[in-house]
There are 2 protein chains.
Amino acid sequence: MAATIKDIAKLAGVSPATVSRVLANKTAFFSADTAAKVQAAATTLGYQKNTAAAELVTQQSHVIAAIVNSTKTNFANHIIEGIQDAAYRQGLNVIILYAGDADPEQQRRALTTVIERPVRGILLLSVDLSAENLTYLQAAQIPYCFLSISFEEDQLPFITSDDWQVGYQGTQALLAQGHRQVGLAAVDSVHAHTGKLRLAGYTQALMEAGITPDPAWIQPGDYSYVAGQAAMRAYGQAPQVTAVLAGSDMAAIGVLNQARDFGLTVPQDLSIMAIDGTELCELVQPQLSSVSQSFYDMGVAGVEQLTTAQQQPPKITPITVVTRESVRFIES
Amino acid sequence: MAATIKDIAKLAGVSPATVSRVLANKTAFFSADTAAKVQAAATTLGYQKNTAAAELVTQQSHVIAAIVNSTKTNFANHIIEGIQDAAYRQGLNVIILYAGDADPEQQRRALTTVIERPVRGILLLSVDLSAENLTYLQAAQIPYCFLSISFEEDQLPFITSDDWQVGYQGTQALLAQGHRQVGLAAVDSVHAHTGKLRLAGYTQALMEAGITPDPAWIQPGDYSYVAGQAAMRAYGQAPQVTAVLAGSDMAAIGVLNQARDFGLTVPQDLSIMAIDGTELCELVQPQLSSVSQSFYDMGVAGVEQLTTAQQQPPKITPITVVTRESVRFIES
DNA sequence: CTGTTAGCGCGTTCAA
DNA sequence: TTGAACGCGCTAACAG
């Protein structure tokens with residue numbers, strides 16, 4: 001059995017209350033020598049504070065939870081870094097839970113373990129909650145914020161890139177290199193708001209250039225490597241598109257490898273622009289140009305959103321187009 | 001303020017104890033209609049159980065914590081999957097903490113947040129604890145187990161691959177393809193036990209083939225992409241080695257890309273064997289042959305180690321050599 | 001089957 | 001500056 005403040009009190013010959021005070025370092029509420037006695041007793045007993053008990057009485061917690069979509073992409077780590085750093089600055093601790101992949105039951109499990117214990121706030125990383133689970137989360141009366149995902153209902157707090165701009169700027173960068181047949185691959189433009197926004201930006205960029213996208217250019221998917229491969233397979237061995245904007249780095253690599261399997265060379269035969277801009281882009285050959293998102297900043301902003309009391313409107317983090325090696329200029 | 005069982009009790013016109021019983025589903029300790037009343041009251045109040053309070057009295061927890069070395073490699077996810085699945089089967093929940101990269105202070109923070117609250121057990125994924133932090137962990141009297149790391153002191157509980165075999169079999173696979181100048185890259189063979197074992201296995205395999213490794217063949221490092229690059233840079237543009245065993249998938253890709261920057265083609269000019277065998281191996285071109293580890297199984301075994309009471313000896317999970325495209329046969 | 005009592009480990013009154 | 005008493009939300013023991 002772990003030692004408690006009572007044990008320390010007995011050993012030090014003081015009351016539990018006093019022990020509590022010196023351990024909480026409520027300075028000037030105790031004398032130096034009692035403090036010393038208590039400290040000594042605590043160390044000899046190997047005392048470990050029971051934070052759960054303390055939180056029970058103070059009714060407040062110092063941990064924030066990040067629920068992560070166990071993702072087919074790989075940017076979550078960057079967001080988490082931002083969360084950790086920002087939390088640390090505020091003296092908060094971070095616990096991470098995996099919520100499976102769009103599985104409502106796993107989502108519920110993660111939510112429950114978090115909600116059922118004192119937590120200062122909840123961050124949800126690209127987790128698309130089922131309606132039921134969203135209600136459950138809201139009923140819990142705990143501050144929360146979605147990261148790297150957006151919703152039509154503006155009252156939900158979320159922080160993410162401007163996904164319309166992601167689609168728009170990514171496509172524009174390709175158009176600027178002379179491409180006129182541009183594909184959009186492995187973006188979930190059917191069900192999810194994020195994907196719809198990207199599609200709209202993509203379409204707008206093309207329209208402004210006087211191009212009406214052929215439906216075959218748009219190959220929706222779930223942002224995964226496999227989705228990227230499937231999209232490229234749909235484009236075929238002699239693709240009509242000369243450039244592809246892919247929904248994630250992973251998806252872009254799927255496109256890349258499938259293109260290679262077709263005997264196509266990137267970027268000579270096909271240009272690829274990834275979305276995300278994680279280190280994966282620099283791992284493959286050729287290195288992938290990308291619309292890069294500010295994942296670290298999302299994490300930081302998420303923590304701030306949680307800890308500043310007042311409800312704030314949805315926030316946007318910046319994006320930048322990074323040129324690497326997977327896009328080439330073509331004569332139009 | 002969240003509703004408590006007292007509130008429910010008042011609303012349902014029963015005692016708190018009764019509420020507790022039906023909510024904990026202590027069947028046959030209450031009648032059907034009181035149960036109904038209680039359930040109704042609970043839902044109208046939007047009751048959320050305070051598990052922390054419950055754990056305080058029952059003195060036992062249903063969560064296990066995984067502390068992860070925020071890793072320059074990428075296998076942690078696979079271990080975590082195994083942990084999640086195994087934990088789920090036992091009705092346990094999993095929380096994950098990041099412990100930075102060999103930073104004692106961050107390690108301590110993670111340990112503290114975990115130890116200071118009721119946790120059933122702690123899993124440490126390739127976390128090399130400082131001596132001080134190890135003492136701290138042991139003093140906490142919480143079951144723990146290291147994963148994907150090994151120690152000389154056999155009394156520490158750990159589960160990992162047989163790293164001597166990793167080095168031995170990886171090298172043998174290269175020797176079997178006719179290579180006689182084989183490098184070992186980005187393995188931490190200087191400080192860490194894991195790395196020393198791999199080095200020993202590597203050396204033994206060479207010796208058995210009648211080869212004495214040139215010191216220049218061994219380029220230690222921290223398993224990272226950058227370490228892989230550095231190792232390859234050390235081998236040079238016209239490397240003496242014809243094959244390299246790299247400490248991780250990431251490291252292998254570092255070797256691969258640096259070789260390419262040197263104008264070398266893999267596997268024609270240089271063969272590469274990765275260690276780990278995650279999906280990264282199939283993302284790059286050529287696909288990387290690997291000594292693949294059973295990370296998922298490590299996670300499962302870790303949970304079992306925690307939940308079976310008796311102290312068990314260190315455990316080993318299997319490895320397999322997977323042939324892909326990065327090793328070629330050469331005439332000897 | 002149900003209510004009363006007690007107490008988990010801690011922080012915080014209120015007196016002294 | 002310190003101690004006694006109380007209560008956070010919950011479960012367990014014991015009556016009834």
Side-chain angles (χ1 to χ4, degrees), chain A residues 1-39 41-42 45-63 112 115-120 140-142, chain B residues 1-39 41-42 45-63 112 115-120 140-142:
Chain A
M1 258 311 91
T4 75
I5 54 170
K6 283 188 191 170
D7 302 323
I8 299 182
K10 217 173 298 176
L11 184 59
V14 296
S15 79
T18 302
V19 175
S20 172
R21 289 191 267 256
V22 343
L23 259 29
N25 201 29
K26 295 244 180 285
T27 334
F29 280 101
F30 51 82
S31 69
D33 57 330
T34 51
K37 275 192 298 185
V38 169
Q39 294 289 7
L45 258 39
Y47 173 73
Q48 289 295 343
K49 172 173 173 163
N50 184 334
T51 300
E55 288 176 345
L56 182 58
V57 24
T58 61
Q59 299 280 44
Q60 56 158 310
S61 160
H62 288 173
V63 352
T112 304
I115 289 176
E116 282 192 354
R117 61 200 75 222
V119 160
R120 177 74 147 267
Q141 304 271 45
I142 301 175
Chain B
M1 258 312 91
T4 74
I5 54 170
K6 283 189 191 168
D7 302 324
I8 299 181
K10 215 173 297 175
L11 184 59
V14 295
S15 79
T18 302
V19 175
S20 172
R21 289 192 268 256
V22 343
L23 258 30
N25 201 29
K26 294 241 183 285
T27 335
F29 279 101
F30 52 81
S31 69
D33 57 330
T34 51
K37 274 191 300 185
V38 169
Q39 294 290 8
L45 257 39
Y47 172 74
Q48 290 294 344
K49 171 173 176 164
N50 184 335
T51 301
E55 288 176 344
L56 181 59
V57 25
T58 60
Q59 300 280 43
Q60 56 157 307
S61 159
H62 288 173
V63 353
T112 304
I115 288 176
E116 282 193 354
R117 61 200 74 222
V119 161
R120 176 75 147 268
Q141 305 272 43
I142 301 174

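Since the model is a prediction, treat every value here as computed from it, not as a measurement. Labels below follow one simple rule: chain letters A, B, ... track the order of the sequence lines, proteins then strands, and each chain is numbered from 1.
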Distance check: side-chain N/O of [X] vs OP1/OP2 of [N], anything under 4.0 Å?
X	N	value
A:T18	D:dG3	yes
A:K26	D:dT1	no
A:Q59	C:dG11	no
B:T4	D:dC8	no
B:K49	D:dT11	yes
A:S31	D:dT2	yes
A:S20	C:dG11	yes

From [X] atom [atom1] to [Y] atom [atom2], the distance as rounded to the nearest 0.5 Å:
X	Y	atom1	atom2	value
B:L45	B:I8	CG	CD1	6.0 Å
A:T18	A:K26	OG1	NZ	13.5 Å
B:R117	B:L56	CZ	CG	13.0 Å
A:I142	B:Q48	CD1	CD	7.5 Å
B:K49	B:T4	NZ	OG1	13.5 Å
B:D7	B:K10	CG	NZ	6.0 Å

**Report entry** Options C:dC8, D:dC8, C:dT2, nucleotide nearest the side-chain atoms of B:T34
**Finding:** C:dT2
Query raised in the report: When you measure from the side chain of B:F30, which nucleotide among C:dT2, D:dC10, D:dT2 comes out closest?
Result: C:dT2
Report task. Determine whether B:Y47 and B:L23 make a side-chain contact, defined as any pair of heavy atoms from C-beta on separated by less than 4.5 Å. Result -> yes
Query raised in the report: So do the side chains of B:V63 and B:E55 get within less than 4.5 Å of each other, counting heavy atoms only?
Result: yes
What is the separation between atom [atom1] on [X] and atom [atom2] on [N], rounded to the nearest whole Å?
X	N	atom1	atom2	value
B:Q48	D:dC10	CD	C1'	15 Å
B:I5	C:dT2	CD1	C1'	14 Å
B:N50	C:dC8	CG	P	18 Å
A:D7	C:dG9	CG	C1'	10 Å
A:Q60	D:dC8	CD	P	17 Å
A:I8	D:dT2	CD1	P	16 Å
A:N25	C:dG11	CG	C1'	15 Å
A:K10	D:dT2	NZ	C1'	19 Å

Query raised in the report: Per the end-axis method with five pairs at each terminus, what is the bend angle of the helix from C:dC1-D:dG16 to C:dA16-D:dT1, to 10°?
Result: 40°
Report task. Please confirm whether the backbone N or O of A:S61 pairs with a side-chain atom of A:R120, one donor and one acceptor, at under 3.5 Å? Result -> yes
Query raised in the report: Across the strands shown, which category fits A:T51 at heavy-atom distances under 4.0 angstrom: base, sugar-phosphate, nothing?
Result: nothing
Give me the distances for all protein-to-nucleotides 13-16 of chain D N/O pairs that come in under 3.5 Å?
from	atom 1	to	atom 2	distance (Å)
D:dA13	N6	B:R21	NH1	3.3

Report summary line: Only one of B:D33, B:I5, B:V22 passes side-chain contact (heavy atoms from CB on, under 4.5 Å) with B:V38, and that residue is B:V22
Report summary line: On DNA chain C, more 5' by nearest nucleotide between B:G13 and B:V57 is B:G13
